[in-house]
Chemist: 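Supplied in structure tokens, the structure appears directly below.
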Amino acid sequence: MGYSFKNIEKKWQDKWYSEGTFYAENNTSKKKWYGLIEFPYPSGQGLHVGHPRSYTALDIIARKKRMEGYNVLYPIGFDAFGLPAENYAIKNHVHPKVVTEQNIKHFTDQLKALGFSFDWSRVVNTTDPNYYKWTQWIFVQLFKHGLAYKTTMPINFCTGCKVGLANEEVVNGVCERCGSPVVQKEKSQWMLKITEYAQRLIDDLDEVDYLEKIKTQQKNWIGRSEGAEVKFKIVGHHKELVVYTTRPDTLFGATYMVVAPEHPIIKELESEITNLEEVQTYQKQAQLKSDFERSELNKEKTGVEIKGIKALNPLTNTEIPIWVSDYVLITYGTGAIMAVPSHDTRDWEFAKKFNLPIIQVIESIDKNTICDIEKEAFTDVATGRLINSGFLNGLSVEDAKKKVIDCLEENGIGTRKVNYKLRDWVFSRQRYWGEPIPMIYCKQCGWVPVPEEELPLVLPDIEDYEPGENGESPLAKHKEWIKTKCPHCGKDAQRETDTMPQWAGSSWYFLRYMDPHNTEALASKEALNYWSPIDWYNGGMEHTTLHLLYSRFWHKFLYDIGVVPTKEPYAKRTSHGMILGANGEKMSKSKGNVINPDDIIEEFGADTFRVYEMFMGPFDQTAPWSMESIRGCNKFLDRVWNMQEFLVDGNSYSPEFEKMMHKAIKKVSSDIEEMKFNTSVSTFMTMTNEFYKQKRINKAEYSTFLQLLNPFAPHMTEELFEIIGSKNTIANTPWPTYDESKTIDDEIVVPIQVNGKVKATISITLDSDEDLVAQKVHENQSIKNAVADRTIIKEIYVKNKIYNIVVK
RNA sequence: GCAGAUGUGGCGGAACUGGUAGACGCACAGGACUUAAAAUCCUGCGAGGGUUAAACCUCGUGCCGGUUCGAUUCCGGCCAUCUGCACCA
């Protein structure tokens, strides 16, 4: 009697759908649970085997929560704007809208075939005008609250295609598609002030349950540092050069300064610079470099001294040279640094290369610490003590920092300053396939938002969606669309032609799921109050610093303006590991190691696929695909199916069997909560082996087993549940409970060690008296042999765990 | 270079708060069933030594060191691999 997964899986999927088994109600009288997975980008390749890993995991949790009586929301949608669809469209001359529709259709079929318990009545699609109306609405609110502004930013510009490129499309400094050099080009861009939320994005991490590594990575990305801004006078000039430093204590050792190539002071003091041509050549070279080149590994430091101007060290009053180098970034701090080669590694390398003076101002109080500034910079803060530093001499680094900043503040040459690495969010793209930015430029009134009642501002359905010359947005070519009236003064005005980045739609989609068909608001107050916050959000580590931070930022803003009821969107965040190809490398077409989920479902069925992905390894770690291993999971499910032959009537519990069942319920219940799905599956396998040994199983045991396995392999377990005569579908039965006392063994095996090595084991009654245990230990022949002729120094008994004898 | 992670048999992995390392699965080997194969069922399976067989002994969780009666687990220092990135002063 074989298991025909094809018909059975289809049967249950249809049944769940037609009976609305997994529909979530907005019914505030029920306790809710909201589980979220990152909605997919519907790419042309179809579903990746990585998607089901995350989706199955949360599906298991969602199914368990339903059985525990929660009103569960487990939604799905499509993040459908973005570059690949547009590039595909340009290449194959199919409209991105058509491509996207086809892809969504394909993804939907694939997702349904995997039997996820999604509420299919709540699907959202970021390219639907009814959806992006609210994406645009949020942007307008951001603008009205001063959090959206325009500024000039460099973009990657392909000299061949004449278009702006995403960082991802720049490979080794050349365009990914045509191989032409990529240069930095200045462009006016919309920016969002995420930096205004930097501190709150750090602080509120204390209130949420994220994996520690996610919190750490976000904090490091935001990169708060405490230091000082210090003003350096330019000799013979009223101008000053302001630097940011986290080490103001080393100010006496600042022997030169460095500015970023883009620093405005070069332009301002142009007339004073005696080697202007050389400096400008360096600036041009830096401009040609992509981000990649500027951050290349082990790069030789480059730079040019700006001759004709000097700065004054404010504490030593010594004249010091000013250099320009691309190791200083215009985007961080003030775009200028004071260089202390004795105590900063990069400054040290630079000084060595260009023969600049190195003055030691810190020595180590620890004699074992090597501190030779001729060989390398001394950067140890903990053991440092100030020398050659006037009034700071003898102080620790920490005390010197305080004292020097106080001094700088008193004399008006510096201030305490907190800095963040986090930069504002570049929000415009010169692309077609995105939400139009609903802004209008009026010569008189400046930037004016499209009136809210006119939203959505629908993306025009143009045929000519290829990029324009000079990196303009494709929309810029459509004069009739651009031309409009200023909503403010009514005069002729122009629409913004840039579109939003893909991050926009995904920054709030979880709110729309709560009330997806609302036409009056992004979601009703009742829905938001009921479903917020998301109880559990699982996604990839690669989204930790961008999507996760962006959506937290938007959510906090929406909280500030009274739209959402919680400060944080996600109460809990976990992450899954990537699935690699069978050769241990990332799956890619070029490596030929891609696994198509359709083939797996075709050959083994959805249940095997799901069980395998949960069994393949620890959920949060990368795991290679294995065709052999998936066959093993298929075999396991066949064994579960064939177990129906062992079914017997009546009460066949043996005490051992009963204990095994209680232990298993406990183990699987806690494993699911801790996402230890791999050990849950091995528990199921061990149980199955046990059932095979006994060749008998009663209906109650089999039912419980099927209920536990149901979240992992929903189709087969439902079918078996029906076969053994249960009327209800498992999805509507309560999650099995266990009796704690029946999970504890009264006879236990305790290992006996001699000098930490196991020599024997004894069997004792739980919680036996120590004397009794000791007696048993010393009666043991192996132990007698092991301690013979030796002196017992000490005996350690850890109750019910281990007995160790230390001998000499 | 910076940040985050990972390293255990032939392979994927297990091991609760520091307490019998290798659960479970794959691969492999042997057996049962079969005319035969596949499938299925049963048994064995870290390495080395030892024994007719066992018992038993030694080594073993990337490397070096430390703490401890006892370390895959804690601490210090290395090495390698993966992921992300913005040389972050």
Side-chain angles (χ1 to χ4, degrees), chain A residues 2 167 211-214 216-221 223 225 227 243-247 250 258 291-292 294-299 301 325-329 331-334 336-340 343-347 349 419-423 540-546 575 577-578 580 584-586 612 615-618 620-633 635-636 638-639 642 667 670 676 678-686 688-689 692-693 695 749-761 782 785 793-798 800-807:
Chain A
N167 281 338
L211 290 182
E212 211 45 52
K213 63 178 175 183
I214 297 174
T216 308
Q217 234 179 72
Q218 286 211 343
K219 281 180 194 161
N220 289 343
W221 184 263
S225 70
V243 304
Y244 173 73
T245 177
T246 54
R247 295 294 305 277
T250 61
V258 189
D291 283 358
F292 182 87
R294 281 179 74 162
S295 64
E296 210 171 357
L297 303 187
N298 304 320
K299 192 191 62 158
K301 294 276 181 290
S325 171
D326 63 7
Y327 83 94
V328 173
L329 303 179
T331 47
Y332 184 72
T334 61
I337 61 159
M338 63 177 210
V340 185
H343 306 290
D344 180 280
T345 309
R346 282 154 305 157
D347 296 347
E349 285 171 11
N419 238 337
Y420 300 94
K421 290 189 224 168
L422 187 70
R423 306 196 302 228
M541 275 310 278
E542 68 274 17
H543 288 123
T544 302
T545 51
L546 296 175
S575 74
M578 211 191 303
L580 305 174
E585 290 180 78
K586 204 170 163 174
Y612 168 62
F615 184 61
M616 68 195 309
D620 63 338
Q621 284 171 35
T622 54
W625 187 267
S626 159
M627 240 22 198
E628 288 73 36
S629 197
I630 198 168
R631 279 188 200 104
C633 293
K635 191 167 124 183
F636 157 67
D638 279 344
R639 277 161 74 83
N642 292 333
K667 172 86 178 136
S670 64
K676 290 160 82 176
N678 52 334
T679 52
S680 289
V681 175
S682 68
T683 301
F684 296 134
M685 289 172 169
T686 309
T688 305
N689 292 345
Y692 268 72
K693 264 185 203 145
K695 296 218 184 324
V749 174
V750 171
I752 312 160
Q753 298 181 328
V754 175
N755 287 349
K757 302 212 163 168
V758 177
K759 295 289 171 185
T761 58
S782 304
N785 296 344
I793 296 171
K794 202 169 161 188
E795 294 185 38
I796 297 151
Y797 176 56
V798 181
N800 300 329
K801 280 256 171 81
I802 202 153
Y803 198 100
N804 192 11
I805 302 171
V806 188
V807 297

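Values below: all heavy atoms of this structure, side chains included; hydrogens, waters and symmetry mates excluded. Naming: A, B, ... by sequence-line order, numbering from 1 per chain.
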Chemist: Enumerate all atom pairs, one protein N or O and one N or O from nucleotides 38-46 of chain B, separated by less than 3.5 Å.
Modeler:
residue, atom, partner, partner atom, Å
B:C41, OP1, A:Arg639, NH1, 2.5

Chemist: Checking A:Thr679 now: which residues fulfil side-chain hydrogen bond (donor to acceptor under 3.5 Å, both in side chains) with it, not counting sequence neighbours?
Modeler: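 side-chain hydrogen bond (donor to acceptor under 3.5 Å, both in side chains) check on A:Thr679 returns A:Asp671.
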
Chemist: Can you sort out the partners of A:Met541 under side chain to side chain contact (heavy atoms under 4.5 Å, CB included), two or more places apart, ordered by chain and number?
Modeler: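 With neighbours one apart ignored, the set is A:Lys213, A:Ile214, A:Gln217, A:Thr544, A:Ser575.
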
Chemist: At under 4.0 Å between heavy atoms, how does the protein contact nucleotides 15-20 of chain B? Give one character per nucleotide, 5' to 3', with B, S or -.
Modeler: S---BB

Chemist: In chain order, what residues pass the side-chain hydrogen bond (donor to acceptor under 3.5 Å, both in side chains) check against A:Ser225, with sequence neighbours excluded?
Modeler: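 Here the qualifying residues are A:Tyr244, A:Tyr332.
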
Chemist: Listing time: all N or O pairs from protein to nucleotides 74-80 of chain B that are below 3.5 Å?
Modeler:
none

Chemist: What nucleic acid atoms does A:Gly333 come within less than 4.0 Å of, heavy atoms only: base, sugar-phosphate, or nothing?
Modeler: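 It contacts nothing in the nucleic acid.
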
Chemist: Please tabulate, one pair per line, each protein N/O and nucleotide N/O from nucleotides 2-6 of chain B that are separated by under 3.5 Å, including the distance.
Modeler:
residue, atom, partner, partner atom, Å
B:A3, O3', A:Asn220, ND2, 2.7
B:A3, O2', A:Asn220, ND2, 3.3
B:G4, OP1, A:Asn220, ND2, 3.4
B:G4, O2', A:Gln217, NE2, 3.0

Chemist: Is any side-chain nitrogen or oxygen of A:Tyr332 closer than 4.0 Å to OP1 or OP2 of B:A86?
Modeler: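 A:Tyr332 to B:A86 OP1/OP2: no side-chain N or O under 4.0 Å.
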
Chemist: Excluding sequence neighbours, so at least two apart, what forms side-chain hydrogen bond (donor to acceptor under 3.5 Å, both in side chains) with A:Tyr797?
Modeler: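 A:Tyr797: no side-chain hydrogen bond (donor to acceptor under 3.5 Å, both in side chains) contacts found.
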
Chemist: Which dot-bracket notation, 5' to 3', represents the base pairing of RNA chain B when pairs are defined as Watson-Crick or G-U with both distances under 3.5 Å, crossing pairs as [ ], and inter-strand pairs as |?
Modeler: (((((((..(((......[....))).(((((.......))))).((((......))))..(((((..]....))))))))))))....

Chemist: Can you name the salt bridge (Lys or Arg N to Asp or Glu O under 4.0 Å) partners of A:Glu585, sequence neighbours left out?
Modeler: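 Partners of A:Glu585 under the salt bridge (Lys or Arg N to Asp or Glu O under 4.0 Å) test: A:Lys591.
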
Chemist: So what does A:Tyr420 touch, heavy atoms closer than 4.0 Å: a base, only the sugar-phosphate, or nothing?
Modeler: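 No contact.
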
Chemist: A:Asp347: which residues meet the salt bridge (Lys or Arg N to Asp or Glu O under 4.0 Å) condition with it, sequence neighbours left out?
Modeler: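 Expected list: none.
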
Chemist: Pick out the pairs of N or O atoms, protein on one side and nucleotides 55-62 of chain B on the other, that lie under 3.5 Å.
Modeler:
residue, atom, partner, partner atom, Å
B:C59, OP2, A:Lys757, NZ, 3.3

